[in-house]
Amino acid sequence: IGAPEDLIKIIGEGQALWRILKPWLTDADARKVFDRMFSTVYTPQAANNYNYCIANEYIDNFLAPVMGTASAAATALGNLEEAAGVTCASDIDHGLVTTITTNAGDYNLQITDGSNDIGAALAYSEAVKKVVNLDGSTEIATAFESTSLKGLAERGGEGTADMFANHHGGANWMSAIITDATKASGSSYSTAGAKADVIHKTIQDSIAMQSIITDLERAGLAENGETANQKKAYWDSAAAKYFGTDAARSSTIYARADKRGKNFDQMVAGSIADKGEVSQVNKNILAALNAGPSEANMNTIIKNLKVIYTQATLRYAYLVNEDLSEATDWNEHQAEGFAFYNNIAPYVKAKSPTGHNMLANYFNPKVVPDSYNFFGYCKSKAVLKAADSAVWSAMGTFENDDKVTCPDTFPAEGKITTDAGSYNPSNQIGASLSFAGAIKAVTSLLDENVNYATVKSTYDAVGLRGEAGQKRIDVPYYNLAIKYFKEADWINTYIETAFDSSSTLATAARLEIIEKTARDNVAVQAVISDLYKAQATTDPDASTVHWDHAAAKYFGPDNTEDRSQTIYARANKRGANYGTLDTGGKFAKTNKVVMEEFNGATTIPSRKTAYTKIVNQIKIIYAQCVLRYAYLIDTNLGNYVEYQAEGQAFWKILAPWVNDVDENGAVYLEGIFDTARAPTHGDHFCHALEIIRKLDLRATDFGNLEGTGNIDCSGRTVPTDAAAYLATAAPVSAAPATFRAGIFASLASVAVALLLA
């Protein structure tokens, strides 16, 4: 069915041979079936081996009385070599019907004399049902081809088929998805569930939709020059594929319309007493099909098909958003959304290329999706609404829409402009730009009247918990963190200590832990993950998507309020503390390096080098933070609580790297920032400096912490057994600030930079 030139030849030969047999085969239904099967007037239909199986049924029935018994007839007929492996249903029946009965109502065939066998078109639903219920990639791939689904997928056509082929990169775009999903290795789909879902939805929905529209266009467009009966035959075939058989109706677009109708409050009274309600879309399509072949009726049907897959796309945008915010696996919902969006993508792109880019990246199975502050759902909703107002008005209201309050505006897309330079992304990065807004939604709640339950629910809702809880087992930094913290969800476990209503921490400490964890720790994880994936993939397009999103998260949007919540802003603060701002004092030199690396790395090989350099700059930022707060504890022994909590939050970011080079040092720093311990001495700065030196950070990049130029760290070394020391060291009373200042003023001056060199 997928090779039209061979098919014409086969039909011609079959027709000639059928004419020889026809005088002997007097069964009226059999004659109609074979006449339609080998017709050179009507387009051939095939699915689930219907033509072979129904022919075999009639031939067996014809030969049995001739040969005396059914077994004798079977022996005389022999076994067709090409059909080895084909199993025909024992109750197979023809499609010589005048109506198709559904809960939406009856479809009345356009060819009313019962001569148009639509059995092969009805069998499409049976083929779908068969394939999607198989287990194993090899079995699915084999059945995909043997049931004619592959041929139908690659059959092509004109008009809409050409538009979709051009958009998706070739006429075989649907079979390419099945091939990808059934690969033994190297598939774009990360889980077995994602593979199964994209196979199911591509077969049940995409191939069916393309085949139906091809039939509709042959019947509904005058320029195709079909006769009246040819138009009717095409129209009936489209209807048969849409409604399917009673036994396999759950494997049709008709069934998909009912599912989405329930999600969008678009169900109306059905026509069959025990079948419940039916979607309005199915009623609309049935009415248009019954109205007969015309361009207007065709357009009505296509509009309603768009409604189904716009509903499906929006629903799965929401589900992926929920998966991300709840830190549950998004792969299956992303794969389903990908398959559904494929059916409307060319229409959306024609209206908004940038909107299409957002949706295509969000559902790209090769890319980890991003959504913060409900961006994934809200932006998808805005794009789909703008794509087709007529379709949108027929959608209904999504059942979970009231759970989300979407913003009036989204972060401005396009070039990211900072004082350290500009970055031009190739992709839509609104999701990652909204990351800073999600952080702001949390940090804006942190004041003297804080309600921790509200802060926690906001942290969850805007997607920060989900981002923090992602399993990134391919990312080296993530694995170092698991090694150190001994658990996969350490960030959320840590922030819960501040959310916990039974916490005994001081309010100031709780607020600092929440702010630095949400603003810094989650961001570092997200940025490094994107950077790593960008250089680890072999797909250039996926690499650029990840690279663009890493930049968006690092720099944030071009507004001061949201950018203040970024790593970029943290670097500028530390640059001011360490004398590493540019000569104009506007940005940290670290940010200049990071910007240059983002801009300079345009290929996967160059991103491998840039990844290492950017991560090194992030280490510098948070090593600066840790060292500064160790110093602030020393200089505030009488009022250390807030500084210890801030230092602890920053330490949680640096800890995996320190532990990798100095396990004893990591134990020590963990101890001095432990909010359950009071400081035991005034040497925290010197000890932290000794440990941080082992990260091998370049002194000129690191700079000198203000106020520390006269500190002499000679002889003030980290205990060789930090665990034993921390177990026995007793807290000391805080010394008066004037006394502490006098101590430090008397110490000899040694530049911090020299200690780091």
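These numbers were taken from a predicted model, which means no experiment stands behind them.
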Practice task
Apply side chain to side chain donor-acceptor pair (under 3.5 Å) to the pair Thr443 and Gln565, showing each step before the final yes or no.
Solution key: CA-CA 9 Å; Thr443 59; Gln565 306 297 304; 2.8 Å; yes
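Not counting sequence neighbours, Phe144 has no partner by the ring pair (Phe, Tyr, Trp, His ring centres under 6.0 Å) test. With sequence neighbours excluded, the residues that form a side-chain hydrogen bond (donor to acceptor under 3.5 Å, both in side chains) with Tyr377 are Asp401. Residues passing the ring pair (Phe, Tyr, Trp, His ring centres under 6.0 Å) test with Tyr494: none are found, sequence neighbours excluded. Listed by chain and number, the residues in a ring pair (Phe, Tyr, Trp, His ring centres under 6.0 Å) with His546 amount to none (sequence neighbours excluded). For Ser250, the side-chain hydrogen bond (donor to acceptor under 3.5 Å, both in side chains) test picks out no residue, with sequence neighbours left out. Under the side-chain hydrogen bond (donor to acceptor under 3.5 Å, both in side chains) criterion, Gln280 pairs with Asn284, sequence neighbours left out. Residues passing the ring pair (Phe, Tyr, Trp, His ring centres under 6.0 Å) test with Phe374: none are found, sequence neighbours excluded.
When all heavy atoms are compared, the tightest approach of Tyr554 to Thr566 is O-CB, 3.3 Å. Taking each heavy atom of His549 and Ser432 in turn, the nearest pair found is ND1-OG, 2.6 Å. Contact between Gly355 and Ser352 at its shortest, heavy atoms only, is N-OG, 2.9 Å. Scanning both residues, Gly244 and Ser125, for their nearest heavy atoms gives CA-OG, 3.4 Å. Residues Ala526 and Arg472 come closest through the heavy atom pair CA-NH2, 3.9 Å.
Between the side chains of Thr328 and Asp323, at least one donor-acceptor pair of N or O atoms lies under 3.5 Å. Checked by atom type, the side-chain pair Asn331/Thr191 shows no donor-acceptor distance below 3.5 Å. Side chains of Asp370 and Tyr362: a donor-acceptor N/O pair is absent below 3.5 angstrom, by distance only. A side-chain donor-acceptor contact under 3.5 Å links Glu467 and Tyr372. Arg607 and Thr544 form a side-chain donor-acceptor contact under 3.5 Å, judged by distance and modelled atom types alone. Side chains of Glu487 and Thr493: a donor-acceptor N/O pair is present below 3.5 angstrom, by distance only. Asp489 and Asn492 are linked by a side-chain donor-acceptor pair at a separation below 3.5 angstrom, with hydrogens and angles left out of the test.
For an aromatic pair to be called close, the ring centres must be under 6.0 Å apart, and Tyr622 with Trp651 fails this. Ring to ring, Tyr423 and Trp547 are not that close: their centroids are 6.0 angstrom or more apart. A ring-centre distance under 6.0 Å is not found for Phe435 and Phe375. A centroid separation of less than 6.0 Å is found between the aromatic rings of Phe264 and Phe398.
Applying the salt bridge (Lys or Arg N to Asp or Glu O under 4.0 Å) test to residues at least two apart or on different chains, the pairs with a partner in residues 523-541 are Lys366-Asp539, Asp474-Lys533, Asp530-Lys553. The disulfide (SG to SG under 2.5 Å) contacts involving residues 320-417 comprise Cys378-Cys406, where partners must be two or more places apart or lie in separate chains. Within the structure, the salt bridge (Lys or Arg N to Asp or Glu O under 4.0 Å) test picks out no pair touching residues 429-443 (sequence neighbours left out).
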Under 3.5 Å donor-acceptor pairs involving side-chain atoms of residues 252-263, not counting sequence neighbours:
| residue | atom | partner | partner atom | Å |
| --- | --- | --- | --- | --- |
| Thr252 | OG1 | Arg249 | O | 2.6 |
| Thr252 | OG1 | Tyr254 | N | 3.4 |
| Thr252 | OG1 | Ala255 | N | 3.2 |
| Tyr254 | OH | Asn103 | N | 3.2 |
| Tyr254 | OH | Ala104 | N | 3.3 |
| Arg256 | NE | Asp205 | OD1 | 3.4 |
| Arg256 | NE | Asp205 | OD2 | 2.9 |
| Arg256 | NH2 | Asp205 | OD1 | 2.9 |
| Asp258 | OD1 | Ser279 | N | 2.8 |
| Asp258 | OD1 | Ser279 | OG | 3.3 |
| Asp258 | OD1 | Asn282 | ND2 | 3.0 |
| Arg260 | NE | Asn263 | OD1 | 2.8 |
| Arg260 | NH2 | Asn263 | OD1 | 3.1 |
| Asn263 | OD1 | Arg315 | NE | 3.2 |
| Asn263 | ND2 | Glu399 | OE2 | 2.9 |

Just list the side-chain donor-acceptor pairs under 3.5 Å for residues 336-351, sequence neighbours left out, or say none.
| residue | atom | partner | partner atom | Å |
| --- | --- | --- | --- | --- |
| Glu336 | OE2 | Lys201 | NZ | 3.0 |
| Glu336 | OE2 | Tyr316 | OH | 3.1 |
| Tyr341 | OH | His356 | ND1 | 2.8 |
| Asn342 | ND2 | Phe338 | O | 3.3 |
| Asn343 | OD1 | Ser206 | OG | 2.7 |

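Both tests hold for Arg563 against Tyr568: distance to the six-membered ring centre under 6.0 Å, angle to the ring axis within 45°.
Within the 4.5 Å cutoff, no side-chain heavy atoms of Met358 are placed close to those of Thr354.
Under the 4.0 Å criterion applied to side-chain N and carboxylate O atoms, Glu326 and Arg465 are not assigned as salt-bridge partners.
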